[in-house]
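First the structure, in the form of C-alpha cells, and then the observations on it.
Sequential numbering from 1 along the given sequence is applied to the chain's residues.
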Amino acid sequence: MYLLEEKIYFWLLLGIPILILLFLGVLIWKKTTQKKFADASLLKKLSPNQSVFKSILKIIVISLALACFVLALVNPKVGTKLETVKREGVDVVFAIDVSKSMLAEDIAPNRLEKSKQLITQIINNLASDRIGIIAYAGSAFPQLPITTDYASGKMFLQAMNTDMLSSQGTAIYEAIELAKTYYNDEEQTNRVLFLVSDGEDHEGNVKTIAEEASKEGIKIFTIGVGSEKGAPIPIKRNGIVQSYKKDNQGNTVITKLNMTTLQEIAKEANGTYIDGKNTANVVEEVTTILQNMDKKEFEAKQFADFKDQFQWFLGAGLLLLFLDIFLLERKTSWVKKLNLFNEQ
C-alpha cells in the first residue's frame, strides 16, 4: 500500500513537454541558421565533433531528472506492515439513482454529477464509518460492499453513469432490498441508507418497503437532487447536446424533482429529507446525523508504518544531473563510437 503525500506537485510535470518543445525549437533554429551560414562540408570541418544524438540524450536525461525531483516533492510513502485495528462507526450505504432523468441540468453540472460530488464530500468527512455503494435505475446493482476503503469508494463512485444499467425507471424498492443485504453485522444497531435521487418514476410500493426497512433497523435519509421547476433530459454526443428526450407524442420530456415522494420515504423509515442543492449544507447535516448515532466497534485491517520514499527519487535526480554535467558536456568518445544517427 502506498500514499502520495503532496499530489499537487504532479502539476510540475507539465514542465517536461514544455522543455522538450523548447529544445526542438532551438534545434530547428540551429539547423536553419547553420545552413544559412555555410554548406554541410564546411560545417563538418568547423564542428567535427557535433552530435545530434548527444543533444537528444541530454534533453532525455534532464527530463528524467526533473521527473525524479517532482516525485521527490510528491513524497510517495509505502506501508510496511498490515495490522488489525479497532474502529467504531456506523454502516452507511449510499444508493444513487442513475436513471436517465439524472442527466437533467437544472442543477450544475447535472443531477448525477452533483450526486457524486455530494457523496464524495460526505466520504471525505467520515472518520471511521464503513461505507457501501449501490447504483439503481430500473433495477439495483451493487457497486461496493461494506468497507472502510474510502479511496475505492470514491473510485467506484466516479465511474458511475446512466448507461451502466440497461433497464430504465427508478426501482427504489430494489435499492432498499439490496441495501438490506449490505448490513452483515447483526449487532450493528445503526444501519443508515442515504438515498440520492430526483424522486421521479418510482416503481412499486415504496412506502411499504420503507416500513419494512425501518423494522430491520435501517434508517433511510433521502437527498433530493434537482429542482421542482424541472428541466429537459439532454441527449449528447461527444459532450455536445444533439436533442432532448421526447415522449410518444413528440413532446419534450420535462423531469422535475419529486420532493414529496422522497420526504414520504424518509418519514416512513425514521429518517429525514435533505435538500441537495448546497453541498456544504448537505455535508454538515449528514455529518451531524452520523455523529449523533451510536457507534459499533469492529475490526479493520490497514497498512501502518508508512515510510518516506522521496530520498530514492532525489538521489536518482541528482545522479542524472551528475551524468548531464560531467559526461554529456564533455566530448565523450563512446558517444562518437555509437554513431546512432550515422553521422559522418
Under the side-chain contact (heavy atoms from CB on, under 4.5 Å) test, residues paired with [X] that sit two or more places apart:
{"X": "Thr147", "result": "Ile131, Leu144, Asp149"}
{"X": "Lys116", "result": "Leu112, Glu113, Leu157, Gln158"}
{"X": "Gln291", "result": "Thr287"}
{"X": "Leu13", "result": "Phe10, Ile16, Ala67, Val70"}

Over all heavy atoms of both residues, which pair between [X] and [Y] is shortest? Give the atoms and the distance, please.
{"X": "Thr162", "Y": "Ser99", "value": "CG2-O, 3.5 Å"}
{"X": "Ile176", "Y": "Ala213", "value": "CG2-CB, 3.8 Å"}
{"X": "Val282", "Y": "Gly276", "value": "CG2-CA, 3.7 Å"}
{"X": "Ala65", "Y": "Leu320", "value": "N-CD1, 3.5 Å"}
{"X": "Gly224", "Y": "Leu262", "value": "CA-CD1, 3.6 Å"}
{"X": "Asp163", "Y": "Asn161", "value": "N-OD1, 2.8 Å"}

Out of curiosity, does [Y] fall in the hydrophobic cluster containing [X] (side-chain heavy atoms, cut-off under 4.5 Å, transitive links)?
{"X": "Ile28", "Y": "Leu22", "value": "no"}
{"X": "Ile123", "Y": "Phe156", "value": "yes"}
{"X": "Ile134", "Y": "Tyr183", "value": "yes"}
{"X": "Leu71", "Y": "Tyr9", "value": "yes"}
{"X": "Ile119", "Y": "Val98", "value": "yes"}

Worksheet item: Residues two or more places apart in sequence or in another chain: which of them pass side chain to side chain donor-acceptor pair (under 3.5 Å) with Asn270?
Response: Ser214
Fill in: Non-neighbouring partners of Ser227 that pass side chain to side chain donor-acceptor pair (under 3.5 Å), sequence neighbours left out
Asp106
Fill in: Residue list, salt bridge (Lys or Arg N to Asp or Glu O under 4.0 Å) with Lys277, at least two apart or on another chain
Asp275
Discussion item. Give me each pair satisfying ring-ring contact (aromatic ring centres under 6.0 Å, His included) with a member in residues 107-129, each pair once, sequence neighbours excluded.
Written reply: none
Worksheet, complete the sentence: Here the ring-ring contact (aromatic ring centres under 6.0 Å, His included) pairs for residues 234-285, sequence neighbours left out, are none
Discussion item. Checking one residue: Leu319. Which other hydrophobic residues are in its cluster under the side-chain 4.5 Å linking rule?
Written reply: none
Worksheet item: Is atom CD1 of Ile8 surrounded by more than 12 heavy atoms (other residues, nucleotides or ligands) closer than 6.0 Å?
Response: no
Worksheet entry | Greater than 12 external heavy atoms within 6.0 Å of Lys256's NZ | no
Fill in: Salt bridge flag under 4.0 Å for residues Asp91 and Arg191
no
What's the spacing between [X] [atom1] and [Y] [atom2] if we round to 0.5 Å?
{"X": "Ile265", "Y": "Ile220", "atom1": "CD1", "atom2": "CD1", "value": "7.0 Å"}
{"X": "Ile107", "Y": "Asn278", "atom1": "CD1", "atom2": "CG", "value": "9.5 Å"}
{"X": "Thr222", "Y": "Gln263", "atom1": "OG1", "atom2": "CD", "value": "7.5 Å"}
{"X": "Glu284", "Y": "Gln121", "atom1": "CD", "atom2": "CD", "value": "13.5 Å"}
{"X": "Ile218", "Y": "Leu193", "atom1": "CD1", "atom2": "CG", "value": "7.0 Å"}
{"X": "Leu323", "Y": "Leu57", "atom1": "CG", "atom2": "CG", "value": "9.0 Å"}

Discussion item. Looking only at the side chains, is there a donor atom on one of Thr255 and Arg111 sitting less than 3.5 Å from an acceptor on the other?
Written reply: yes
If you define the side chain from C-beta out and look only at heavy atoms, does anything of [X] sit under 4.5 Å from [Y]?
{"X": "Leu126", "Y": "Tyr150", "value": "yes"}
{"X": "Met160", "Y": "Gln143", "value": "yes"}
{"X": "Leu118", "Y": "Val225", "value": "yes"}
{"X": "Val93", "Y": "Ile133", "value": "no"}
{"X": "Lys114", "Y": "Thr279", "value": "yes"}
{"X": "Leu12", "Y": "Leu73", "value": "yes"}
{"X": "Met102", "Y": "Asp198", "value": "yes"}
{"X": "Thr288", "Y": "Glu285", "value": "no"}

Item to complete: Evaluate the side-chain contact (heavy atoms from CB on, under 4.5 Å) criterion for residues Leu195 and Ile223: first the C-alpha distance (whole Å), next the side-chain angles of each, then the deciding distance (0.1 Å), finally the verdict.
Response: CA-CA 6 Å; Leu195 194 68; Ile223 301 177; over 6 Å; no
Worksheet entry | Test ring pair (Phe, Tyr, Trp, His ring centres under 6.0 Å) applied to Phe94 - qualifying residues, sequence neighbours left out | Phe194
Discussion item. Please evaluate residues Lys267 and Glu264 with respect to the criterion salt bridge (charged side-chain N to carboxylate O under 4.0 Å, His left out), reporting the C-alpha separation (whole Å), side-chain torsions for both, the decisive distance (0.1 Å), and the verdict.
Written reply: CA-CA 5 Å; Lys267 181 181 178 181; Glu264 182 182 1; over 6 Å; no
Practice prompt. Before giving the answer on side-chain contact (heavy atoms from CB on, under 4.5 Å), spell out for Ile274 and Ile289 the whole-Å C-alpha distance, their side-chain angles and the decisive distance to 0.1 Å.
Written response: CA-CA 11 Å; Ile274 303 171; Ile289 289 170; 4.1 Å; yes
Worksheet entry | Pairs meeting criterion salt bridge (Lys or Arg N to Asp or Glu O under 4.0 Å) with involvement of residues 227-248, two or more places apart | Glu105-Lys236
Practice prompt. Could you check Tyr136 against Asp97 for side-chain contact (heavy atoms from CB on, under 4.5 Å), going step by step and ending with a plain yes or no?
Written response: CA-CA 5 Å; Tyr136 73 95; Asp97 187 349; 3.7 Å; yes
Discussion item. Assess the residue pair Leu314 and Cys68 against the criterion (side-chain contact (heavy atoms from CB on, under 4.5 Å)); give the C-alpha distance rounded to whole Å, side-chain angles, the decisive distance to 0.1 Å, and a yes or no.
Written reply: CA-CA 6 Å; Leu314 182 61; Cys68 287; over 6 Å; no
